[in-house]
Amino acid sequence: MAASSSSCPFDAFLSFRGDDVRKTFADHVYAALTGAGIHTFRDDEEIERGKNIDQELTKAIQQSKVAVIVFSPDHASSRWCLDELLMINERRKSDGMHILPIFYHVDPSAVRRQKESFKEAFDRHEQQLKEEIDKVERWRAALKEVADLGGEVLKDQYEAPFIQNIVKLVANKLDRKLLHVGSYLTGIDDYVGRINQWLQDESTNVRILVLYGIGGVGKTIIAKTVYNQNSHKFERSCFLADVAETSEQPKGMNSLQEQLLSDIHKRESVKIYNVDEGVMKIKDAMCCRKVIIILDNVDNSEQFKSIIGEQEWLSSGSKIIVTTRLKCLLSEGCWKLHIEPLSVKNSHKLFALHAFGREDSPENFDEPSERVVSLCDGLPLALCVLGSFLRRRSIDEWKSEIKELQEIPDSRIQKILRKSFDSLHNDRHRSIFLHIVFFFIGWDKDVVVKILEGCGFEAIIGVQHLLDRCLIEINERNNLAMHQLVRDMGREVVRQESPDEPGERSRICNHKEVFRVLTEKTGTKTIRGLILDMHMLREENENSVEESVLGCEDSPSMVNRLVGIVCQRIGNIPKTSSTSADVIKTEAFANMHQLNVLLLNDVKLDGGYEDFPKHLVCLRWLRFPLNSMPTCLNVEKLVVLDMRHSRLKHAWQGKSFPCLKILDLSHSHLLTASPDFTGLPGLESLLLKDCINLVKIDKSIRVLRGLVLLNLEGCINLRMLPDTIADLKSLEELNLTGCSELKVLPKELAQMESLKVFFAGGITLNELSFSSRDVRGPWSWLSGREGPESTMFSSAFLPLSLTHLILTNCNLSDVKFTTELHLPSLRHLVLRDNPFDTISAEIPGLPSLEYLDITQCNISNVIIKVPTSIEEPNLIGRSVTRLSDLVRFGLEDISSGCENRFAASFCQNFEQLVHSDCPYFRVKFTIMNKNIWCQLQYLGDGPRPRVILQENTLGPSLARNLLLWDMHKGKFEEADETMSILAVMLILIKVFK
């Protein structure tokens, strides 16, 4: 019996014929009732238990306030069900118990008059119970009386909304104020469970919960569900819907205060004449009652204070839940819970429930369903709206709707999402949002801030406001991210500026529209930014041609076009990157006086640049087609110049970029020398990655006193760096990876006190000398592969400020190099792909080291005493063939047996499985694609805790090679012996073939 025998009365008693509906309809009704916070009894025992009603069942009927009786086709065949019915009906007569009859696939008249299956059942009862014919007659009478009460009849309809109506009716009979939450709740159980646990914890000092997230993500549904499940557990409860919108109406805040006081005092009418009066009355009402209050959709802290006042006014056990789009709504003394979009799995489930009334899509709707779910991007509001709209529509209607959604978002969804945009404080913040929507999703946040500041915005506070309203996010790589539907909302805001004339909008990012505006020269002064990717435009046009060809009837011309497309796909006909029709006249930009963001890819312009926009702040022109920048191109306001993959040979001569902070000429394969830097006084980032013909860095680089990043990765013909590079006092990151021809580095590198990150991977020359303006001789810190195998390394000329040092594939092999390293701030050391034979047992000069990577190093002997600062060492890699010693220090003392922490690193795949309540370690590691499992027992008794190998999958011969390190004995011993362990546990393979 699963039902509780608690003395607390039940809200509802669920009566049903188990064989008919136990695992289907009755289970769904029970789940819906309990999910709404209605304490419900049901008999969970599967077998009949005799002729007399069980004592606990009798007690449950007596204690329940409402009986829900499910009449199913076979209901009357069960004497058990009829006895239940008799007792429930007698309680109805004696003390007014509420009864809700549910007619599940049966006609109420068949129940009332005992027809059809009910007649057959009673005929059997009369034959079998001739001695108790009076009881049979009482069953008949009870059936008629209960059926006469009326009830809910399930006909040809979906069960989910029918069940929700049952919940509502039960709540009404209980005089319980329940909130409508819809029929399909998906993906909220984890949130609801965590919140319920918090609500039940009266010991916590945290009395306020803030649910925040973008509009339509499900905050209100979660709050309503929690309210339904818990409101009866508090002395008073109140749900204030849409606080932000109500408070904007005349006397709106007064009406909210009146509703709260009415719910607390349980009086129909409470009059408030001003907000301050209301605050004090609310304080008096809440101070002596345990209350739960939900404030839905709050958009500023003043609204909260006008309703709740101060947290200290709440009595013990009281809880407040606030839903908002503002991450920063309340800063102290509250628990904040971010409500995120649904997972892909839950998105498909929720959409299918609304579109098909089931948890998955019919096979012929799989592909269009996938497309709609992808468009919704996990937003429950969109999944529900579109699923309901597409229900019972044909596949052609689906395809048409999807195509329209890709161009114009659904207005019902937009209305909800736009509230966050409209709530922004001013037009400048809205412009920042729209700039990000159109141009900067996926860009580094710090770069975008520089661009926006160059456009005249207070970008730092503006971006923070967007973050606070959940309009944007910043991912782990510091890049700006945004929900797909929020992006679509922003783009629709701009489209509405001029639905039919894109040239009159403030921003354009549709490649076809941009191309038409430029070729027809319809651009106006309203345009602030635009994007044109000719490569993508050609692909889009090609795809549309394919679709039109494949959708047409056969004809010679159509067949020829299709053959052309196929040949082009398989490479038989070369596809040109552009044609004369793709060339755009520069005069197309003449009227765009406010253009400040221009993002181009593979675009060819024809004409002079005298009338080109003069207020450009960000110019990204990938695959720039000219050998040098036009002399008349105005660049005075440029903050970012990105010309990756350009055909530049000589960047410019004599040009001044007074505002430029970021210059990226990476992958410009024709560039032989860096530009003159004298006109770039404010440059902070210089990227010349993969400029494979670059041989010289101009000495004028010394003027870049504010340069923070210099990336020369892959400049394979760069032979030397100028001595003046040592004058870059602000440089924090220097990347020389792959500069394989580099022969000279400045000795003054050690004096660059701001340098934190240094990449020097792949430098494999015979010797790399260090020049100096006061020449002191060479320094051989790397010797090439043609020289002796014992590669020497010294850190004498590396700045002590380094935190990251990457020396991948530098042909290092000398065992002494680790002892010579003295970099007190170094946290991250990568020595991957170096031919070490043995590594020293001490690294005393790296006290701050947190990460050490020596993977793929062909190490035959490794004895490393790793500093205690390292938490996740990455010591051994794919190339390991023989391991004799592996030692890993730095664990907490586990002698108490409470901290079952295991520490070792093996090859590329190591996994630990430990249980804090069990003294066994089950360990899996992979060597040469073979999984090895060992179970080790930890014995914590005595002054010398020990470890025993319990089992392994190495096999008899290999098991002998598994050794454990005995710290006290100072040597390795066979694994089947008892080993000591204190603060460290070591596993190794002596010989593994």
Side-chain angles (χ1 to χ4, degrees), residues 431 434-435 437-440 451-452 454-457 491 494-495 497-498 500-538 577-648 651-652 655-660 662-664:
S431 292
L434 294 176
H435 258 38
V437 162
F438 274 77
F439 311 120
F440 302 128
I451 295 171
L452 293 173
C455 294
F457 300 119
R491 292 181 178 178
V494 172
R495 193 189 72 85
E497 295 173 352
S498 178
D500 300 321
E501 293 296 335
E504 296 180 4
R505 301 174 196 161
S506 61
R507 299 157 184 87
I508 325 174
C509 64
N510 181 286
H511 302 299
K512 291 182 180 179
E513 291 181 335
V514 173
F515 187 72
R516 181 160 62 87
V517 167
L518 294 177
T519 53
E520 296 177 3
K521 303 175 185 175
T522 58
T524 65
K525 64 180 181 180
T526 60
I527 298 178
R528 299 289 188 88
L530 58 81
I531 304 175
L532 178 57
D533 187 333
M534 290 301 298
H535 179 72
M536 188 174 293
L537 178 62
R538 282 190 289 270
S577 60
S578 63
T579 65
S580 58
D582 294 339
V583 178
I584 297 168
K585 299 292 184 181
T586 55
E587 60 192 62
F589 294 90
N591 294 326
M592 302 182 192
H593 304 305
Q594 296 190 76
L595 188 71
N596 49 42
V597 178
L598 180 58
L599 308 181
L600 305 175
N601 182 21
D602 203 14
V603 174
K604 291 185 177 180
L605 299 183
D606 180 37
Y609 288 81
E610 294 82 1
D611 296 325
F612 210 69
K614 295 177 172 57
H615 297 281
L616 284 177
V617 175
C618 175
L619 175 58
R620 170 181 279 186
W621 194 338
L622 306 183
R623 295 173 179 83
F624 181 70
L626 306 180
N627 292 334
S628 63
M629 287 186 66
T631 56
C632 54
L633 179 64
N634 191 302
V635 294
E636 288 187 0
K637 293 184 179 292
L638 270 184
V639 172
V640 172
L641 177 59
D642 183 353
M643 288 188 165
R644 285 172 288 164
H645 300 280
S646 76
R647 297 187 61 82
L648 289 170
W652 59 75
K655 292 188 75 68
S656 176
F657 299 78
C659 299
L660 195 67
I662 299 171
L663 174 61
D664 193 347

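Positions are given from 1, in the same order as the sequence printed here.
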Distance-only donor-acceptor pairs under 3.5 Å for side chains of residues 629-636, two or more places apart:
unit_1	atom_1	unit_2	atom_2	d
N634	OD1	E636	N	3.2

Could you list the donor-acceptor pairs under 3.5 angstrom formed by side chains in residues 589-598, with sequence neighbours left out?
unit_1	atom_1	unit_2	atom_2	d
Q594	OE1	R528	NE	3.3
Q594	NE2	K525	O	2.9
N596	OD1	H435	NE2	3.2

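For G503 against T526, the heavy-atom pair with the smallest separation is O-OG1, 4.0 Å. The two residues V603 and W621 come nearest to each other via the heavy atoms O-NE1, 3.1 Å. Scanning all heavy atoms of the two residues, the minimum distance from S498 to R505 falls at O-NE, 2.9 Å.
Looking at F624 and L648, their side chains come closer than 4.5 Å, going by heavy atoms from C-beta outward.
Atom CZ of R647 has 12 or fewer heavy atoms from other residues, nucleotides or ligands within 6.0 Å. Heavy-atom neighbours of K655 NZ from other residues, nucleotides or ligands within 6.0 Å: above the threshold of 12.
Considering only residues two or more places apart in sequence or on other chains, H645 meets the ring-ring contact (aromatic ring centres under 6.0 Å, His included) condition with H667.
Salt bridge absent: K604 and D606 never bring a charged side-chain N and a carboxylate O closer than 4.0 Å.
Between the side chain of T586 and the backbone N or O of G608, at least one donor-acceptor pair lies under 3.5 Å.
In this model, a donor atom of one side chain and an acceptor atom of the other lie less than 3.5 Å apart for R623 and N601.
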